[in-house]
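Reading through the structure tokens given below for one structure.
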Amino acid sequence: MNLLQELWGSSLGRKYVMAVTGACLFLFAVGHMVGNLQVFLGAEPLNAYAHLLQSSPKLLWCARLTLLVIVILHVGSAVALTLENRAARPVAYVQARYEGSSLASRTMLLSGLILGCFVVFHLLHYTVRMPAVNLTGKDFADFQHTLADGTVCPDVYRMMIVGFSHRLVALFYAVGVTLLCFHLGHGVGAMFQSLGLKNRVWGSVVDRAAWVAAGVLWLGYLSIPVAVQLGLGKEVLP
Amino acid sequence: MRVRLKVWRQKHAHRPGGFHTYETPELNPNMSFLEMLDVVNEELTQRGEEPIAFDHDCREGICGTCSLVINGKPHGPHRGVATCQTYLRSFRDGDEIVVEPFRAKAFPLIKDLIVSRKAFDHIIQAGGFVSVRTGSAPDANALPIPKPDADRAMDAAQCIGCGACVAACKNASAMLFVAAKVSHLALLPQGKVERERRARAMVQAMEAAGFGGCSVTGSCEAVCPKEISLEFIARLNREYGRALLKGPN
Ligand code: FES
């Protein structure tokens, strides 16, 4: 208990929390992208994969709650640190150049909070499947698919195609993932720094790798709405 | 050459301050920035006005007393150079130069461009020392220290404690300063003994003083007159984590 108190009690400790939870969220983002990319394999593989993830409600909720706790810790430490950081400079400079710092590094809270709003929309769109937010006039909950073994499951493939066929929604996703990658480009490198996992030999490699990883995620995530806009899966569209 | 100075003037902490503009007399481009302030002050004194208060001591870049945020950057335009080693030839004839004091809650303003950097002393008092008796200087090679460790410790020991890292950081964080001190001592055998206690105590003192946290923007490294590397902050993060896991002793 003492250790936890000390951990949360110092800015370095809260940065550890932010880094570890950030690492979990980054890994989730990678896994989620790889899963989603199966849309390029067609309806059957994607729906079978989605069905596998949803087949055990207990496990599913376990994973969802874990993610929720991680997000709360990540955002909580970010907000606490930002408030302290603001308080540390009560009188602002008239001229401030913030020499040597990147835009991404200075706007992590902003990019994070907008990203949070995007995630809420994304959950309403594809997880809760609230018809009002998908702008296509369809109810995604009605989409059913029969797998090769005869099980009936939600048609995630059709949901994705129909969802991204709306130009505005696709554009919004493009903005969302761009922001995500902007956040990760700085965040992944900073995570290593905060945990003390950087040194002069590979510190700059870590920083560069962070932007490469962010770029790969950006391409991966962006490829889906772009492909749908260019005609992927148009046979399922009405 | 001549320049126009826009300088922050403030009688003391409890009076509101503001910028005053001064046209300098003809200056020699090989004057240092501080010598230029001396010249301006001489004129002010002759006119019966209060001279601009600013911190300085060695004027050769080794004591860490000079400060100033010059055109938005602590210690002026160059990398790895302190204000006292900045020369007017780095500016152009007719330039307007904005001079502000270091701004941080932990560095309260005393007068004009002078701020109190006592908070750094408190951090050093908390753990920036080796408490065993070291006696007189040991014979060379009596205490073997690997060359890379010695080099790295000396890189960290270059910190002159000027506070530019705090002034430059958007969070007014003192992490680079504390990191330099903690790393310097933790890398050497005399300092290793107390490394956990030191990391913990210095971090506590840093936070008690009201400095912000590190968000890895790298501004501190970019303005440090001794070019202390961000690598040392990673080391401090490591040292502190280690101290937490070992528990208080
Ligand atoms: S006056 Fe000593 S370092 Fe500048």
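To find a chain, count down the sequence lines: A is the first, B the second, and so on, and within it residues start at 1. These numbers come from the heavy atoms of this one structure, side chains and all, not from hydrogens, waters or symmetry mates.
Between A/E99 and B/R79 there is no salt bridge, since none of the side-chain N atoms of the basic residue sits less than 4.0 Å from a carboxylate O of the acidic one.
Contact annotation for A/A96: only backbone heavy atoms (N, CA, C, O) come within less than 4.5 Å of a heavy atom of chain B. Within the 4.5 angstrom heavy-atom criterion, only backbone atoms of B/P101 (N, CA, C, O) approach chain A. In this structure, the portion of B/A168 lying under 4.5 Å from any heavy atom of chain A is its backbone and not its side chain. Both the backbone and the side chain of B/L230 come within contact range of chain A, each with at least one heavy atom under 4.5 Å from a heavy atom of that chain. A/A87 touches chain B through its backbone: at least one of N, CA, C or O sits under 4.5 Å from a heavy atom, while the side chain does not. Of the two parts of B/A167, the backbone and the side chain both hold a non-hydrogen atom closer than 4.5 Å to a non-hydrogen atom of chain A. Heavy atoms closer than 4.5 Å to chain B are found in both the backbone and the side chain of A/Y98.
The local environment of CZ in A/R64 is crowded, with over 12 non-hydrogen atoms from other residues, nucleotides or ligands closer than 6.0 Å. Within a 6.0 Å radius of CE in A/M33, more than 12 heavy atoms belonging to other residues, nucleotides or ligands are found. In B/K192, the NZ atom is crowded: over 12 heavy atoms of neighbouring residues, nucleotides or ligands sit closer than 6.0 Å. Atom NE2 of B/H12 has more than 12 heavy atoms from other residues, nucleotides or ligands within 6.0 Å. For CZ of B/R89, the number of neighbouring non-hydrogen atoms (other residues, nucleotides, ligands) closer than 6.0 Å is greater than 12.
Under the 4.5 Å side-chain criterion, counting only non-hydrogen atoms from C-beta, A/L3 is in contact with B/L245. Inter-residue side-chain proximity for A/R200 and B/D155 is flagged as met; some heavy-atom pair is nearer than 4.5 Å. Annotation: side chain of A/L7 is in contact with side chain of B/L244 (closest heavy-atom distance under 4.5 Å). The closest side-chain heavy-atom distance from A/L12 to B/L236 is below 4.5 Å.
Residue B/S215 is tested with A/M108, A/H186, A/K15, A/Q193 for a side-chain contact (heavy atoms from CB on, under 4.5 Å); the sole match is A/K15.
With chain B as the partner, the residue from A/R14, A/E84, A/R89, A/M18 showing the most heavy-atom pairs under 4.5 Å is A/R89. Between chain A and the residues B/F19, B/F211, B/W8, the largest count of heavy-atom pairs under 4.5 Å involves B/F19. The candidate with the highest count of non-hydrogen atom pairs below 4.5 Å against chain A, out of B/C169, B/C220, B/G72, is B/G72. The most heavy-atom pairs under 4.5 Å with chain A, out of B/E231, B/R235, B/R103, come from B/R103. Chosen from B/E100, B/R238, B/K105, B/M175, the residue pairing most often with chain A at heavy-atom distances under 4.5 Å is B/E100. Contact count versus chain A (heavy atoms, under 4.5 Å) is highest, among B/G212, B/A172, B/A222, for B/A172.
Across every non-hydrogen atom of A/S11 and B/G213, the tightest pair is OG-CA, 4.1 Å. Across all non-hydrogen atoms, the minimal contact from A/S101 to B/S219 is CB-OG, 3.5 Å. Here the shortest heavy-atom pairing between B/V216 and A/S194 reads CG2-OG, 4.3 Å.
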Stepwise side-chain hydrogen bond (donor to acceptor under 3.5 Å, both in side chains) test for B/Q204 and A/S10
CA-CA 8 Å; B/Q204 265 167 16; A/S10 82; over 6 Å; no
Give the intermediate values and the outcome of side-chain contact (heavy atoms from CB on, under 4.5 Å) for residues A/E6 and B/R200.
CA-CA 10 Å; A/E6 258 192 293; B/R200 199 187 273 267; 2.3 Å; yes
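Listed for the A/Y93 side chain is no donor-acceptor partner under 3.5 Å among the backbone atoms of B/V69.
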